[in-house]
Structure formats: structure tokens, C-alpha cells
Amino acid sequence: MWLFFVQSLFAGEKTPKDVSVQELLAQGLSPKLVAQWKAKANQSRESFFEWKRSLAGNDAKLVSKVWKVLHLSYPKAQKSELQQGKPTQKEFAKVAKGNQNPSQTSETKVDEVFVGLSTQNLDVRNLPLEEKNHSAVSIGGNQNGNRYVLEKRDEQFLYGIDLNLQSYRITSGSRYKPIPHFYFDKDPNFYSQLDRPGSPLPQPIQSSHFFGTQFPYEGKKGELGGFFANGFSHHPGIYFSSPNNSYAGVWSPGGQKSSFFVNDTIQLDTFGNHRIQSETIFDKKESVGFLYTKSESKDSVYFFDSTVYRDSPLLYGNVANGEIRPEIPQTLGYARGSYKHLFGGEGLSSQEGHRYETGSSVFFPMFASNWGNLLYRYRKYNETGNYHFEEIGRGVFYEWRKDKTVISLGFESRERGGQWEGKIAIPISSGQLIELSALFREGQLYTRSWFENWTYASDFNINLSDREEILKLKFVSSFLSLNVSYSKREESPNPILFINFQFLHRMEI
């Protein structure tokens, strides 16, 4: 298994543009076919795949053989392509820029079959065995833009179909839906970390059925139709999805329940880039969800992040984070701003039952260089409700941030102890990322710690934790993912260990 894992790290790193003429000739391609390959590889991604699908006979077999033998891939978002297609100043002024989330962008569909595997274990006492261990196997395919899957989740046999019939679309079963919502009717015991462009395994759901019509808009298709999802509402409803999947919503009038999804990016020539991401479920008894915003100035000097979420059993808690799902709803808001990641501050407010927690902080550099910065942080913690506590934390941290790479390590001292903190996120190659976060508390701290955790919902979110130790490790790519979480309370000898492994093998036909 370890050998397979290591080999898989280096698969799929080469694109058709990177293949040399000598390599193509060595695989048996004729000079004419090699010339066509090189010409199409220098054009758009869609042109290359259109040419590839047009081949027949021995030429098609040879090209497919090269693709498999050399482990090729062709990601959609290439930086060079994005720079060549840079919008004009007039286009920058437009708000609409579409969905920039990798899990929601569309991709040219290739005819294929696939096999997926998933297994997870939650090692914690006081839970029945059927809630600790879950496994799934799936097999399916994608042909002419239509998707299908047969799968076995634990002891349950399920199906999923996604049919596009001219201007109509039908999805039925427990895997596919025409809306990008993550929490909508999701299976509480399973999730997909392989949900990305063109993936045949989006988020697993409960039994749901959609029928809608597609309408064209600026070269893309939006959708409007009806649905029935018993896990969401016992009554049917209507749904819509914008052409670029940036906005989507469902409404069940009979059940008085609705859900709304937003994932959009605003690029302004003068005021920089801004992102908003949100998913909410509105119910007559309780409403839950999250709102995340991120802003960056044009010259990448000023940064601002904020997140607000309401978590409760209705939302199945924090998805697959290795913790027991909360019994008391929690509403939390967090904001952070900085100048070049050097000077900045934070603010937090949380209400969980009768427990109210607030806090604020400032940080500034003690030493700055191209090799990283040494930052000093002053943070104030406050808790009221059943108890009243107030603490001051003073910390020193080493940080290095560049693009999606983040390294942050340090220690914070408080009156009755302290805490070690660590966050590392490193992109290994195109579409592959390894992340590690850790927290170690020492002494008898009065208040909970702010723990930064990466999730599907947003680039980051903040959890409040009084656990003595927390370790989280995640590796994710288009075909393999590993998620490990370990945590331990000081007063309990029984730690919680969560492990989830997912694998997807795709074969082009």
C-alpha cells in the first residue's frame, strides 16, 4: 500500500504539451500523427480533446496508449492560458466572473469508466460499531455526457444517474444532483474528497430525484426544474442553478424549507479581487450554514478574511473532522485582516448555548525577510455565561506565506500555561496538496483555543477547542486522498482517532 501511495504522488504530472517528439515516435506514432499532436497541444485544451475524440482505428489506440503509458493529465486552469486570456479593463469592471472553486468548475467530459473505493474509521468509545466504521465501493462511467454509477455503502446498494437529453436533464439516485450544494441532502456517514472538475464522484447524497430544463446563457447552461428529496423535505420543490454554478437554490413550499448556495469571485481593476462563498439551509425550526468572504488588494498587499457559520446537528456537524457531532448549536464569527501578512489583527465571537466567547488580537513583525517572518501576537480571550474567564496570550511565531503555501509555527504563553501551534499547507504539484495542522495545550488554561482548520467550506475556518492535543493531516489529489485526525482531552485517557482513505481509478474508453 505504501509503495502504491508513493507511486501515485508522481502520477498525472505531465500534460500533452510536455511530451517530446522523440517520446511520441518511440510509442509508435507516425510522423503525421506526431505533428497533429504537437499542433493541437499548443492550442486550447478543448481543441486538443476534440481532436483526440475525432481519431479512429489504430490512431485512436496509439494516442490512448501514450496517454496511459506516460500518465498524462491536462488540468483546465493553466496559468499561461489564464494570462493570455486576461480580461480587458472594461471586462474587469463587471462583477460576474464566475465560480472559481475547483470543485464547481465545469470540464470537458471524456468517455470513461471508473472504480472508486472509500474506507473510514472513527476510534472513539461510547459509539456503536456501525457508527465507527464505514466503507464504500463504486463502479460507473461517463459516456456522451451522461453519468451513471452503482455503489455499495456499508450494507446498502445504491445507484446514481445523470442524463442530459437535449435541453432536459434528469438526475436520480444517491450520487448526482444538478446543484453544487455540499450540505443538501448529504449522506451523514460519507463524503467525497475527490469532488473536483470532471470528477465522477461528487458528494454522496441520500435518495434524490431532479428533472429540469437547461437554458443557454453566454455559451453556458443554467437549469430550472423540480425535485423530490425525502432526506431534505417530505414535500417536492423547485430548484435553479446559474450557468456557471455560482448561484443555486432549492425551495420546498410544502416543507417550508429552502437552501441557497453562492460561490462567486469579483475582480475589479482598481479595488482588487474579492470572493464570496456561502451555503445556508433555512428551516422553520432552525437555520444553519456558513458565509465566507476573502478580499485581496490589486497589488497583493492588503488581505481580509471573514467567516460566519451556524453549526448544529441539522448540518451534521463539521463534516468528517473526526469529532463527535455537536449537540448544542453554535454560532461563530471570525475576521482577520493584514498588511503583507506582517501587520494585522483578528476578532472572534461565539455563542454556544449559554456560553459566550469573544476575543481579539494584534500581530506585528519582530523580524522580516524573504525566508520568512518572525511575528509577535497579543491576543485577549474572554468567556461569560456559566463562568467568567479572561486571559491574555502572548505568542511568537515563524511564518512564511506564498501563493497557496503556508508555514506557521509558534508558541503562545498564558498565565496558567500555554499552547504550541502549527499550520503547514504545501502544493506538491498540479492538483495535489498536503496539509498539516496541530495544537498542543499545556497547563490549566481557562479559555478555549482558536484552532485554524482547513475544510471544504472555505479556505479556512476557526474552531474553538479545549482539547489537549489535536493533529490533522490531509493529502488530496484527483485520484487519491488521505485524511487523518487525532485529538485527546486532558481529563480523558481515551483519544479520538479518525482515518479516511479514498481512491479513484479512471479508464478512458
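Side chains included, hydrogens not; waters and symmetry mates left out as well; all remaining heavy atoms used.
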Regarding T171 and D162, is there a side-chain donor-to-acceptor distance under 3.5 Å anywhere?
-> no
Applying side chain to side chain contact (heavy atoms under 4.5 Å, CB included) to H354 and not counting sequence neighbours gives N386
Nearest heavy-atom neighbours spanning L445 and G418 | CD2-N, 3.6 Å
Tell me, please, which residues at least two apart from F232 pass ring-ring contact (aromatic ring centres under 6.0 Å, His included).
-> F184
Non-neighbouring partners of F440 that pass ring-ring contact (aromatic ring centres under 6.0 Å, His included), sequence neighbours left out | none
Flag for N463-Y334: side-chain donor and acceptor within less than 3.5 Å | no
Taking every non-hydrogen atom, the tightest pair across R175 and I205 = N-CG1, 3.7 Å
Tell me, with the steps shown, if E399 and S408 meet side-chain hydrogen bond (donor to acceptor under 3.5 Å, both in side chains).
-> CA-CA 4 Å; E399 280 199 0; S408 177; 3.2 Å; yes
Should V484 and F498 count as side-chain neighbours, where that means a heavy-atom distance under 4.5 Å?
-> no
Quick check, are the ring centers of W450 and Y381 under 6.0 angstrom apart?
-> yes
Side chain to side chain, S241 and P178, heavy atoms closer than 4.5 Å | no
Report yes if the side chains of K221 and R169 come closer than 4.5 Å at any heavy-atom pair, otherwise no.
-> no
Sub-3.5 Å donor-acceptor pair from the side chain of S242 to the main-chain atoms of Y247, do we have one?
-> yes
May I have the step-by-step check of side-chain contact (heavy atoms from CB on, under 4.5 Å) for E452 and I462, ending in yes or no?
-> CA-CA 5 Å; E452 185 171 325; I462 294 293; 4.0 Å; yes
Contacts of type ring-ring contact (aromatic ring centres under 6.0 Å, His included), residue F411, not counting sequence neighbours = W420
Just by distance, with hydrogens left out, do R147 and Y176 show a side-chain donor and acceptor under 3.5 Å apart?
-> no
List the steps, then state whether side-chain hydrogen bond (donor to acceptor under 3.5 Å, both in side chains) holds for R394 with S413.
-> CA-CA 5 Å; R394 299 173 176 86; S413 175; over 6 Å; no
Kindly write out the residues that satisfy side chain to side chain donor-acceptor pair (under 3.5 Å) with Q256, not counting sequence neighbours, or none if the list is empty.
-> none
Mind checking salt bridge (charged side-chain N to carboxylate O under 4.0 Å, His left out) for K340 and listing every partner two or more places apart, or none if nothing turns up?
-> none
Determine, step by step, whether S369 and N373 satisfy the side-chain hydrogen bond (donor to acceptor under 3.5 Å, both in side chains) criterion, reporting the C-alpha distance in whole Å, the side-chain angles of both residues, the deciding distance to 0.1 Å, and the verdict.
-> CA-CA 6 Å; S369 72; N373 309 311; 5.4 Å; no
Is the closest side-chain donor-acceptor distance between S135 and T119 under 3.5 Å?
-> no
Can you tell me if D305 and Y292 form a side-chain donor-acceptor pair at under 3.5 Å?
-> yes
Could you tell me which non-hydrogen atom of S297 sits nearest to which non-hydrogen atom of V301, and how far apart they are?
-> OG-N, 3.0 Å
So which heavy atom on K488 is nearest to which on P495, and how close?
-> CB-CB, 4.1 Å
Run through N483, L480, N121 and flag the one making a side chain to side chain contact (heavy atoms under 4.5 Å, CB included) with F501.
-> L480
Please report the shortest heavy-atom distance between P200 and L504, naming the atom on each side.
-> CD-CD2, 3.8 Å
Sort and list the pairs that fulfil salt bridge (Lys or Arg N to Asp or Glu O under 4.0 Å) and have at least one residue in residues 357-376, not counting sequence neighbours.
-> R355-E357, E357-R448
Verdict with reasoning, L436 to K423, per side-chain contact (heavy atoms from CB on, under 4.5 Å) = CA-CA 6 Å; L436 173 68; K423 299 182 291 289; over 6 Å; no
Between the side chains of Q206 and D187, is a donor N or O closer than 3.5 angstrom to an acceptor N or O?
-> no
pair L433-F475: side-chain heavy atoms closer than 4.5 Å | no
Can you list every pair that meets salt bridge (Lys or Arg N to Asp or Glu O under 4.0 Å) and has a residue in residues 362-377, with sequence neighbours left out?
-> R377-E412, R377-E421
Flag the pair Q330 / L464 as yes when at least one side-chain heavy-atom distance between them is below 4.5 Å, and no otherwise.
-> yes
I'd like a table of donor-acceptor pairs (distance under 3.5 Å, sequence neighbours excluded) in which one partner is a side-chain atom from residues 358-368, with atom names and distances.
residue, atom, partner, partner atom, Å
S361, OG, E346, OE1, 2.6

The ring-ring contact (aromatic ring centres under 6.0 Å, His included) partners of H274 (sequence neighbours excluded) come to none
Among all residues two or more places apart in sequence or in another chain, which pass the side chain to side chain donor-acceptor pair (under 3.5 Å) test with S259?
-> none
No-hydrogen, no-angle side-chain donor-acceptor test under 3.5 Å, R467 and S449 | no
From CA spacing to verdict: salt bridge (Lys or Arg N to Asp or Glu O under 4.0 Å), D466, R489 | CA-CA 7 Å; D466 57 3; R489 291 186 182 275; 2.8 Å; yes
F303 CZ: over 12 foreign heavy atoms closer than 6.0 Å = yes
Donor-acceptor side-chain pairing of Q203 and S192 below 3.5 angstrom = no
Evaluation steps, side-chain contact (heavy atoms from CB on, under 4.5 Å), between F479 and Q432 = CA-CA 10 Å; F479 52 89; Q432 299 184 7; 3.9 Å; yes
Would you check if L117 and Q502 make a side-chain contact, meaning some heavy-atom pair closer than 4.5 Å?
-> no
Keeping the roles fixed (side chain from R310, backbone from L332), state whether a donor-acceptor pair exists under 3.5 Å.
-> no
Side chains of T447 and R414 in contact at under 4.5 Å (non-hydrogen atoms) = yes
Identify, with sequence neighbours excluded, every residue that meets side chain to side chain donor-acceptor pair (under 3.5 Å) alongside Y239.
-> E223
Under the criterion ring-ring contact (aromatic ring centres under 6.0 Å, His included), which of F261, F210, F260 is the partner of H181?
-> F261
Quick one: closest heavy-atom pair of R441 and S465, and the distance?
-> NH1-O, 3.6 Å
Got a sec: does the CG of D299 have more than 12 other heavy atoms crowding it under 6.0 Å?
-> yes
Between F290 and Y309, ring centroids under 6.0 Å | no
May I ask you to test the I470-Y486 pair for a side-chain heavy-atom distance under 4.5 Å?
-> no
Given S485 and K472, is the side-chain hydrogen bond (donor to acceptor under 3.5 Å, both in side chains) satisfied, shown in steps?
-> CA-CA 4 Å; S485 173; K472 291 180 182 289; 3.2 Å; yes
Evaluate the criterion side-chain contact (heavy atoms from CB on, under 4.5 Å) for residue pair S306 and T293; output intermediate values, then yes/no.
-> CA-CA 5 Å; S306 70; T293 63; 2.4 Å; yes
